Amino acid sequence: MEKKVIRAALLGLGTVGTGVYKVIKNQKEEMIPKLGSEIEISKILVRNLEKAAAKVDDPKILTNNWDDIVNDPEIDVVIELIGGIEPAKTYILSALNAGKHVVSANKDLIAVHGKELLDAAEAHHVDFLFEAAVAGGIPIIRPLKECLAGNHMAEVMGIVNGTTNFILTKMTQEGMEFKDALALATELGYAEADPTADIEGLDAGRKVAILASVAFNSRVVFDDVYIEGITKITAKDIKYAKEMGCDIKLLGVAKNTEEGIEAYVCPMLIPSNHPLATVNDSYNAVFVNGDAVENAMFYGRGAGELPTASAVVGDVFEIARNIKADCCGRIGCTCYKEIPVKKMADTHNRYFMRLIVEDRCGVLAEMTAVFAKYGVSVAQIIQKAARAEESAEVVVITAQVREGDFRTAMEELSGRSSVRKISSMLRVYGE
Ligand SMILES: NC(=O)c1ccc[n+]([C@@H]2O[C@H](COP(=O)([O-])OP(=O)(O)OC[C@H]3O[C@@H](n4cnc5c(N)ncnc54)[C@H](OP(=O)(O)O)[C@@H]3O)[C@@H](O)[C@H]2O)c1
C-alpha cells in the first residue's frame, strides 16, 4: 500500500514522549529516502494542555481527550508513553481494536498483560511493538525475534536497571554504603523520588519476564520472576566479593533448562573478568547465549529521554516500512511453547555468605558438617581476623547446589549456638 504520510499520535509528553517528539523532528529530512514515507505526529494526548504547550511547535496538536485520537481514522500509529496499567491498557486495546498500530515502552503493562495485547494486534493484523520496554536504547527485542531467530536460546541475562547499577558502581568504586549511594543517585537524577521499583528489583523483574518470553518462545509473566533488590548489600559485601575475584551486580537472569525456565533478579557475585562486571554507572547490558550464535552481548543506555526515544522511533519506522510493503502484523506473539517456570528453590547456583561465628576450635568443622548433610560443598572459605567478643567472621563460597537444599542448611546453621549471625547470603553467577 503506497502511503506517503503516516500519521502518529503520542500518548504522554513526559521524559520519553518529549524525546520521541524531538527524534522524529530531527529525522524529518531523511524520512522519505529512509522509509519512503513521512511520519507526522498529528496529535498528542496530555493531561495538562497548558504545561505541554511549551514543549511543542504547534499547540493545536495537543488534546486531553482520548476519543479525539481513537476515533480519528487518519491516525495510523499510536505511541503509548504514559506508563502504568490503566488507562494505558484500555487505550492500547482500543487502538488495536480500531485497526491502529501501537508502539509502547510500557514494561509494567507488557510484563503482565503482554499476551492480551499481542493477541488483539494479531486479531486486527496490526503491529504491536515494544523495543523500548527492555533496556531502553539497547536493541534486544527485535534482535531476539529476528536476527537471532535461528537459535534455541539457552540464556538471556544482564544488567537491565541503570539506577541500581549506578548505586552498586559507587559502592564498589568509592566504598559508599547503600543509603549514601542512593542519595547521590537521587541528587544526580538517576533515581526517582520513589526509588522502590528500581532498588527492590521490580523494574528489572518486568524486563526479565519480557526477555524470557521472547527468548524462549514461552510466556513468562512478572509473577513468575523471583525478585530480590539491592537494599541489603553493604560496602563490606562488595569488599569481600572483590577479595574473591568478583564484583556484585543486580542481575536479571533467565535460563532455559531441561526442567523448565529459571527467571530471577537478584544481586549476584560475578567474576570480575566477565564482560558484565565492566558495565558500570547507569549503563545496561544484555548477554545472550544461543546454540548457533554462542555468546553475544548488547551494551548501551538503558534509559533516558533520547536513548529510549531511539528505540521507540525505531519501532515507528519499522511500522512505516511494514505499512509501505503491506506486511503489517508480520511478527506478532512468538510464544508458541508452554514451558513451565521453575520455583526458585529448584534452581541451582553457587552461594556467597558472610557469617559471624564463635572464635574457637571446631566451629568450621561443625559448619561444614551441616553443609555436608544437605549436599553443600565449600569451594572457597576465608576466615577473617577475630572480631570483638571472641567471634570471628567467615566468608564462604559454595559449589553449585540446589537453592532449597542450601536454604535448609542455612536454617539449620542459624539455629546453632556457634553461629552468632548470618550477615549476608548472595548468589554467585556462573558454574
Ligand atoms: N524514562 C525512561 O528512561 C524510560 C525507559 C524505558 C521505558 N520507559 C517507559 O516509558 C513510559 C513513559 O515513561 P516516562 O519516563 O516518559 O514517564 P513520565 O516522564 O512520567 O511521562 C509520562 C507522561 O504521561 C502523562 N500521562 C500520564 N497519564 C496520562 C493520561 N491518562 N493521559 C495523558 N497523559 C498522561 C504524564 O502527564 P503528567 O505530566 O500530567 O503527569 C507524563 O507527562 C513508561 O511506561 C516507562 O516505563 C521509560
Side-chain angles (χ1 to χ4, degrees), residues 9-23 41 43-56 61-70 78-95 102-114 117 128-141 159-166 185 188-198 202-211 222 252 281-284 286 300-316:
L10 260 183
L11 314 187
L13 198 55
T15 306
V16 186
T18 306
V20 168
Y21 182 81
K22 288 181 189 168
V23 172
I41 304 275
K43 287 202 172 112
I44 305 180
L45 181 74
V46 296
R47 274 199 289 225
N48 184 331
L49 293 168
E50 216 172 299
K51 191 172 100 181
K55 293 187 181 179
V56 289
I61 66 172
L62 299 173
T63 175
N64 53 13
N65 183 358
W66 164 241
D67 289 340
D68 288 347
I69 291 170
V70 73
V78 168
I79 307 167
E80 183 276 308
L81 296 169
I82 60 181
I85 305 295
E86 285 297 352
K89 183 179 173 216
T90 301
Y91 289 174
I92 293 177
L93 282 174
S94 51
V102 175
V103 175
S104 172
N106 192 335
K107 56 210 155 226
D108 305 40
L109 178 62
I110 296 162
V112 179
H113 299 287
L117 303 175
F128 174 62
L129 303 182
F130 48 90
E131 184 61 66
V134 178
I138 303 174
I140 187 65
I141 301 297
I159 297 168
V160 289
N161 182 272
T163 308
T164 46
N165 204 37
F166 176 86
L188 297 178
Y190 289 118
E192 291 182 28
D194 177 1
T196 312
D198 292 321
L202 309 177
D203 174 80
R206 292 174 180 124
K207 292 165 182 167
V208 166
I210 299 170
L211 278 176
F222 179 58
D281 298 316
S282 64
Y283 278 91
N284 281 201
V286 181
R301 286 270 176 223
E305 184 192 70
L306 294 178
T308 311
S310 160
V312 172
V313 172
D315 279 351
V316 177

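For clarity, every value in this text was computed on a predicted model and none was experimentally measured. Indexing begins at 1, ligand by ligand and atom by atom, following the structure's order.
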Are any of the N/O atoms in [X] less than 3.5 Å from those in ligand 1?
X      : answer
Asp108 : no
Tyr91  : no
Gly304 : yes

Hey, which atoms in ligand 1 end up nearer than 4.0 Å to a heavy atom of [X]?
X      : answer
Ala132 : 6 (C), 7 (C)
Gly83  : 44 (C), 45 (O)
Gly14  : 16 (O), 19 (O), 21 (O), 23 (C), 43 (O)
Lys107 : 6 (C), 7 (C), 8 (N), 47 (O)
Ala303 : 3 (O)
Ile82  : 22 (C), 24 (O), 26 (N), 27 (C), 28 (N), 29 (C), 34 (N), 35 (C)
Lys51  : 38 (P), 39 (O), 40 (O)
Gly12  : 24 (O)

Working to the nearest 0.5 Å, report the span between [atom1] of [X] and [atom2] of [Y].
X      : Y      : atom1 : atom2 : value
Asp281 : Asn165 : CG    : CG    : 7.5 Å
Lys207 : Asp108 : NZ    : CG    : 9.5 Å
Leu62  : Asp68  : CG    : CG    : 11.5 Å

- Task: Begin with the C-alpha distance, continue with both residues' side-chain angles, and end with the deciding distance and a verdict on side-chain contact (heavy atoms from CB on, under 4.5 Å) for Leu11 and Tyr91.
- Result: CA-CA 9 Å; Leu11 314 187; Tyr91 289 174; 4.0 Å; yes
Considering only protein heavy atoms, which is closest to [atom], and at what distance to one decimal place?
atom                    : result
atom 30 (C) of ligand 1 : Arg47 CG, 3.8 Å
atom 10 (O) of ligand 1 : Ala105 CB, 3.5 Å
atom 5 (C) of ligand 1  : Thr308 OG1, 3.3 Å

- Would you sort out whether Phe166 and Leu188 count as a side-chain contact (heavy atoms from CB on, under 4.5 Å), showing the intermediate values? CA-CA 10 Å; Phe166 176 86; Leu188 297 178; 3.7 Å; yes
- Message: For a quick check under 3.5 Å, do Thr63 and Asn65 share a side-chain donor-acceptor pair by atom type?
- Response: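 Side chains of Thr63 and Asn65: no pair found under 3.5 Å.
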- Query: Do Arg301 and Ser282 have side-chain N/O donor and acceptor atoms under 3.5 Å apart?
  - Reply: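 Yes, because at least one side-chain N or O of Arg301 sits under 3.5 Å from a partner of the opposite role on Ser282.
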Please work out whether any backbone atom (N, CA, C, O) or any side-chain heavy atom from C-beta onward of [X] is under 4.0 Å from ligand 1, and answer side chain, backbone, both or neither.
X      : result
Glu305 : neither
Val16  : both
Pro87  : side chain
Leu109 : neither

- Item | Per-atom contact, atom 20 (O) of ligand 1, protein heavy atoms, under 4.0 angstrom |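 Given the 4.0 Å cut-off, atom 20 (O) of ligand 1 does not count as touching protein heavy atoms.
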- Query: Protein heavy-atom contact under 4.0 Å for atom 47 (O) of ligand 1?
  - Reply: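 It does; a protein heavy atom is within 4.0 Å.
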- Item | Heavy-atom side-chain contact between Thr163 and Pro195 under 4.5 Å |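 The answer is no, as the side chains (C-beta and beyond) never meet within the 4.5 Å cut-off.
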- Message: Side chains of Val46 and Lys51, heavy atoms from C-beta outward: is any pair under 4.5 Å?
- Response: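 Val46 does not reach Lys51 side chain to side chain.
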- Item | Val56/Leu13 under side-chain contact (heavy atoms from CB on, under 4.5 Å): CA gap, chis, key distance, verdict | CA-CA 10 Å; Val56 289; Leu13 198 55; 3.9 Å; yes
- Query: Do you know which two heavy atoms are closest between Ala197 and Arg206, and how far apart they sit?
  - Reply: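 In terms of heavy atoms, the two residues are closest at CB-NH1, 4.3 Å.
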- Measure from the side-chain N and O atoms of Asp315 to the backbone N and O of Glu131, and report whether any donor-acceptor pair falls under 3.5 Å.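 Checked: pair present.
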- Task: Out of Thr15, Val46, Leu81, indicate the one that has the non-hydrogen atom closest to atom 11 (C) of ligand 1.
- Result: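 Result: the heavy atom closest to atom 11 (C) of ligand 1 is in Leu81.
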- Query: Which residues pass the salt bridge (charged side-chain N to carboxylate O under 4.0 Å, His left out) test with Lys22, sequence neighbours left out?
  - Reply: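 Checked Lys22 against salt bridge (charged side-chain N to carboxylate O under 4.0 Å, His left out); matches are Glu305.
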